[in-house]
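Every number for a ligand or one of its atoms is a count from 1 in the order of the listing. Start at 1 with the first residue, then count along the sequence.
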Amino acid sequence: PRVRADGCYVLPGLIDSHVHFRTPGLEHKEDWAHGSRAAVAGGVTTVIDMPNTVPPTLDPEALVSKAELVAGTSLVDYRFHLGADPRRPALLARLDPGIATTAKVFMAGHHTAPTVVRDPIALEKIFAAAAIGGVRLLLHAEDESIFTLLDQWQGEPRSYLDYERRRPRSGGISAVARVLELVRRYGTEAHILHLSSAEEADLVTAARAAGLPVTFEVTGHHLSFTDADTRRLGARIRLSPAIRTQADQDRLWEALRAGEVACLGSDHAPHTVEEKTRPVPDAPPGLPGVQELAVAVWTGMRRRWPEEDPDLAATRLAEHLSARPAEMFRLPGKGRLEPGADADLVVFDPAAPWMLSAHDVRSKCGWSAYEGWTMTGRVLTTIRGGQVAWDAERGVFGRPEGRWLSGAAAQDRPRTEITARDPRHAETEAQGPSRGAG
Ligand code: DOR
Ligand code: ZN
Ligand code: ZN
């Protein structure tokens, strides 16, 4: 088919390094057929999927069997993050990089966490083992204190607004501080997921400036909603970590503008309408977002910074949603449009205004917290591996021919560091594009 591209940006296929596509065991919330259609409708051609499934993927065997389940069902290329297992930290010291090079650590318990690392000794062992194995840890940095209120409130229904307001933000800040101390001690590469508050952004940015190999992700929803939206959206924006204040959101946007953010992610974590309409506090945290991520961030960028040259804005979007995740997660052939790269690209109309409705939602959960939003910018065509995976004008999807990007291809490639300096080799200067991140 012909691809219309006049007045559009042609960007490298976007990479969402943080999705929960729910296979195995939670397919009533999402599956790869729906999740990957949502992805290509949002311009995403590669996803990295999270381990908190049923059962969770806590060892290479579980990861390989997940790959077998997903094979032939995905429109996008995919990789899997392992889950760190507090009972078997040594797995990370000898993890086959052909299988996985990253592991997610849940530092506090909530509905969907697989194996929560509550024991500080186990957490320390995980950091030590990951440093030996060259594994990048992805941190869900929250402390139990965030959830203790929830226990106290059992049987005492209140509104979500009330609930979210009372969640102590200190539980996130102290968890980030613990992570930074362990990074300092062991030199482990750490990537803090869904960073949500101003204090946390300040802490991590200071640690980076001091040379620690730590990066952070910001999600589309933390850039799009504030606690003021809880009144309207209730448990739809009940998230872990929580949506915070306007001042926090402003700081996250500033971090994006300053290049402090390593990558953007959706934390696409669908739950059914039934689950999300349970009374306080039983609705699980999470929302769908892989489809909305790029357009919501673009909409926010144009609204916040109307003076910015749109070409620069589009470059910034491609940087944080394609080039950087490709480097960080060692995805050869991804991240840039250049000779020899995979033919993954997205045709993006930057000016088209449109209103998102539930009808547009491709996730199996069938709802979006962005319903009613007027978006600026639309994904017209998504091409993965040279094939049209999404054609918005005709409303047609391609075939599920996405590939498993096991770490194997990345193994013999030289590793690109995006961290400023490795404290184990203090004289080594930054390699590769760590632009503006200092
Ligand atoms: O809000 C969240 N939902 N945070 C998480 O860390 C997990 C996720 C989910 O899997 O539902
Ligand atoms: Zn998380
Ligand atoms: Zn997540």
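Of all heavy-atom pairs spanning I237 and A369, the tightest one is CG2-CB, 4.0 Å. Taking each heavy atom of V183 and A190 in turn, the nearest pair found is CG2-CB, 3.5 Å. Pairing each heavy atom of P288 with each of C365, the nearest pair is CG-SG, 3.6 Å. The shortest non-hydrogen separation linking H222 to A242 is NE2-O, 3.1 Å.
Residues meeting the ring-ring contact (aromatic ring centres under 6.0 Å, His included) test with W354, sequence neighbours left out: none. Remark: K276 engages R238, H271, W367 in a side chain to side chain contact (heavy atoms under 4.5 Å, CB included) (not counting sequence neighbours).
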Show me, pair by pair, the donor-acceptor contacts under 3.5 angstrom made by side chains of residues 36-46, not counting sequence neighbours?
{"residue": "S36", "atom": "OG", "partner": "W32", "partner atom": "O", "Å": "2.7"}
{"residue": "S36", "atom": "OG", "partner": "L75", "partner atom": "N", "Å": "3.0"}
{"residue": "R37", "atom": "NE", "partner": "A33", "partner atom": "O", "Å": "3.4"}

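Not a single donor-acceptor pair under 3.5 Å links the side chain of K29 to the backbone N or O of R22.
The shortest heavy-atom distance from H271 to ligand 1 is under 4.0 Å. Residue contact check for ligand 1: E30 places no non-hydrogen atom closer than 4.0 Å to it.
For the Zn ion (ligand 3), the nearby protein N/O/S atoms, meaning those under 2.8 Å, are H18 NE2, H20 NE2, D267 OD1.
Nearest to atom 10 (O) of ligand 1 by heavy-atom distance, out of T219, D267, N52, is N52.
Under 4.0 angstrom from ligand 1, there are no non-hydrogen atoms of K29.
Between W305 and W253, the two ring planes are perpendicular [angle over 60°; tilted spans 30° to 60°]. Between W373 and Y370, the two ring planes are perpendicular [angle over 60°; tilted spans 30° to 60°].
At a 3.5 angstrom cut-off on N or O pairs, P285 counts as close to ligand 1. Between R238 and ligand 1, not a single N/O pair is under 3.5 Å apart.
Residue-ligand proximity, A269 to ligand 1, at heavy-atom distances under 4.0 Å covers atoms 3 (N), 8 (C), 9 (C), 11 (O). Close approach of ligand 1 to K104 (heavy-atom distance below 4.0 Å) involves ligand atoms 6 (O).
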